[in-house]
Amino acid sequence: MKITFLGTGSGSTVGSRRAKSSIMISEGGDSIILDMGNGANSNLEDLGFPDINSVFLTHLHIDHINGIFDYLVQRKIRRMNDVKIYSPPGFSKLLNTYKDIGNNISAEVYESNLPKAKIGNLEVYSVEACHTIYAVAYVVTNGEKKIVYSGDTSEPCEGIIEESKDADLIIHEATCIEGCEIYGHTPLPKLKEIFNKKRIIITHIPSQIEDKYSNLGDFILAFDGLIWNV
């Protein structure tokens, strides 16, 4: 599986160095996207606008969904088929509001408390995350390798920890160095405490404090455009 980081910034990130949350996972001829925050859609366009089978949303906070509406406009302009969007309940209401005020966008929306789908060789399923609103984390596997994508969560979070035990790669938020638990996020020291022997790529980083992410050990600090093969 090939992972392309389209957006590695947190909701509070400043400037254009880090777009808001999004990754693309490709396997064979299929590609899916997990979250699409503001700016991630532009990074996808810079890659030549590859055809995406499905988009999976972890939750409905703006920094995880705002880029998808412009993305749907581009799909309509390019006369592409409707993309499938898997989401916790509520996204269809947002989409319909955009349509009702005159935007020519559309998608196939599938809402569930625990979204899941089979996309080519990729099996995608979810577990509940621990955030300030209802959110899920995604597990993606091709039958041989397994990736866990946390979305936004405050660790320890039972479902994510359980799925991470046999994961080949964990892509996990680390929104701050300290103090962000009250906002439903995981500080870097807590992440290191819980997953200290795991292969971790950390994301959801505020660009204005990225220089404070030091002494990472085996952890890898994601950046927009990073490509990782599993």
Side-chain angles (χ1 to χ4, degrees), residues 1-10 13 16-37 39-58 63-64 67 71 117 119-127 129 136-153 155 160-161 163-175 186 188 191-192 194-207 210-211 213-230:
M1 290 180 283
K2 176 183 176 182
I3 306 161
T4 304
F5 287 80
L6 300 172
T8 60
S10 69
T13 199
S16 59
R17 181 202 301 272
R18 293 181 179 272
K20 304 299 196 298
S21 297
S22 185
I23 65 171
M24 177 171 63
I25 300 178
S26 304
E27 169 81 355
D30 297 302
S31 293
I32 64 172
I33 285 179
L34 308 183
D35 287 334
M36 191 180 288
N41 54 300
S42 297
N43 287 337
L44 185 67
E45 292 169 10
D46 288 345
L47 294 175
F49 211 80
D51 194 12
I52 303 301
N53 181 290
S54 302
V55 178
F56 294 82
L57 303 176
T58 58
D63 59 313
H64 289 253
Y71 172 68
I119 312 296
N121 292 328
L122 295 176
E123 179 184 358
V124 185
Y125 62 94
S126 56
V127 296
V136 300
Y138 283 105
V139 181
V140 183
T141 177
N142 62 1
E144 297 179 357
K145 300 290 187 177
K146 177 180 177 180
I147 300 166
V148 174
Y149 171 72
S150 72
D152 284 2
T153 195
E155 296 289 1
I160 295 173
I161 290 175
E163 289 292 341
S164 297
K165 288 179 178 178
D166 62 347
D168 297 283
L169 177 67
I170 303 164
I171 301 169
H172 203 293
E173 69 128 290
T175 304
T186 303
L188 178 61
L191 194 64
K192 293 170 71 173
I194 294 175
F195 297 103
N196 66 330
K197 296 189 182 297
K198 291 291 186 179
R199 170 73 68 167
I200 301 273
I201 298 180
I202 57 174
T203 188
H204 210 259
I205 307 298
S207 59
E210 63 182 24
D211 60 332
Y213 287 76
S214 57
N215 300 318
L216 295 179
D218 292 333
F219 284 15
I220 296 157
L221 184 67
F223 56 86
D224 289 14
L226 173 66
I227 294 175
W228 198 267
N229 291 296
V230 176

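- Expressed to the nearest 0.5 Å, how far NZ of Lys20 lies from CG of Asn41 amounts to 11.0 Å.
- Partners of Asp166 according to the salt bridge (charged side-chain N to carboxylate O under 4.0 Å, His left out) rule, which considers only residues two or more places apart in sequence or in another chain, are Lys146.
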Inset, instruction - Could you go through the side-chain contact (heavy atoms from CB on, under 4.5 Å) check for Asn215 and Lys192 one step at a time? - result: CA-CA 10 Å; Asn215 300 318; Lys192 293 170 71 173; 4.2 Å; yes
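- Screening Ile23, Asp35, Leu34, Ile33 for a side chain to side chain contact (heavy atoms under 4.5 Å, CB included) with Leu6, the sole residue that qualifies is Ile33.
- Residues meeting the ring pair (Phe, Tyr, Trp, His ring centres under 6.0 Å) test with Phe195, sequence neighbours left out: His172.
- Nearest heavy atom pair, residue Glu173 against residue Asp152, reads OE2-CA, 3.4 Å.
- In this structure Phe49 satisfies the ring pair (Phe, Tyr, Trp, His ring centres under 6.0 Å) test together with Tyr71, sequence neighbours excluded.
- In this structure, the side chains of Leu44 and Pro50 come closer than 4.5 Å at one or more pairs of heavy atoms.
- Contact check for Leu188 versus Leu216: side-chain heavy atoms found under the 4.5 Å cut-off.
- Not one N or O on the side chain of Ser207 forms a donor-acceptor pair closer than 3.5 Å with the backbone of Thr13.
- Qualifying salt bridge (charged side-chain N to carboxylate O under 4.0 Å, His left out) partners for Asp30, counting only residues two or more places apart in sequence or in other chains: none.
- For the atom pair Leu57 CG and Met36 CE, the distance stands at 9.0 Å (nearest 0.5 Å).
- Using modelled atom types, one finds no donor on one side chain facing an acceptor on the other under 3.5 Å when comparing Thr203 with Thr8.
- The two residues Asp224 and Ala19 come nearest to each other via the heavy atoms OD2-N, 2.7 Å.
- Between the CG atom of Leu47 and the CD1 atom of Ile227 there is a distance of 7.5 Å, given to the nearest 0.5 Å.
- Taking OG1 from Thr186 and CD1 from Ile160, the interatomic distance works out to 7.5 Å, rounded to the nearest 0.5 Å.
- Distance check: Ser150 OG to Glu155 CD gives 7.0 Å after rounding to the nearest 0.5 Å.
- Of all heavy-atom pairs spanning Asp63 and Ser10, the tightest one is OD2-C, 4.0 Å.
- Few gaps surround CG on Asp168; more than 12 heavy atoms of other groups in view lie less than 6.0 Å from it.
- Not counting sequence neighbours, the partners of Tyr138 by the ring pair (Phe, Tyr, Trp, His ring centres under 6.0 Å) test are Phe56.
- When every heavy atom of Pro206 is checked against every heavy atom of Tyr213, the shortest pair comes out as CD-OH, 3.8 Å.
- Residues that satisfy the salt bridge (charged side-chain N to carboxylate O under 4.0 Å, His left out) test with Glu210, not counting sequence neighbours, are Arg17, Arg18.
- Using a distance-only test at 3.5 Å, with no hydrogens or angles considered, no donor-acceptor pair links the side chain of Lys145 to the main chain of Met1.
- No option in Ile170, Asn196, Ile200, Ile201 other than Ile200 meets the side chain to side chain contact (heavy atoms under 4.5 Å, CB included) test with Phe219.
- Contact detail for Ala174 and Ile205: the closest heavy-atom pair is O-CD1, 3.3 Å.
- Rounding to the nearest 0.5 Å gives a distance of 10.0 Å between CD1 of Ile220 and CD1 of Ile171.
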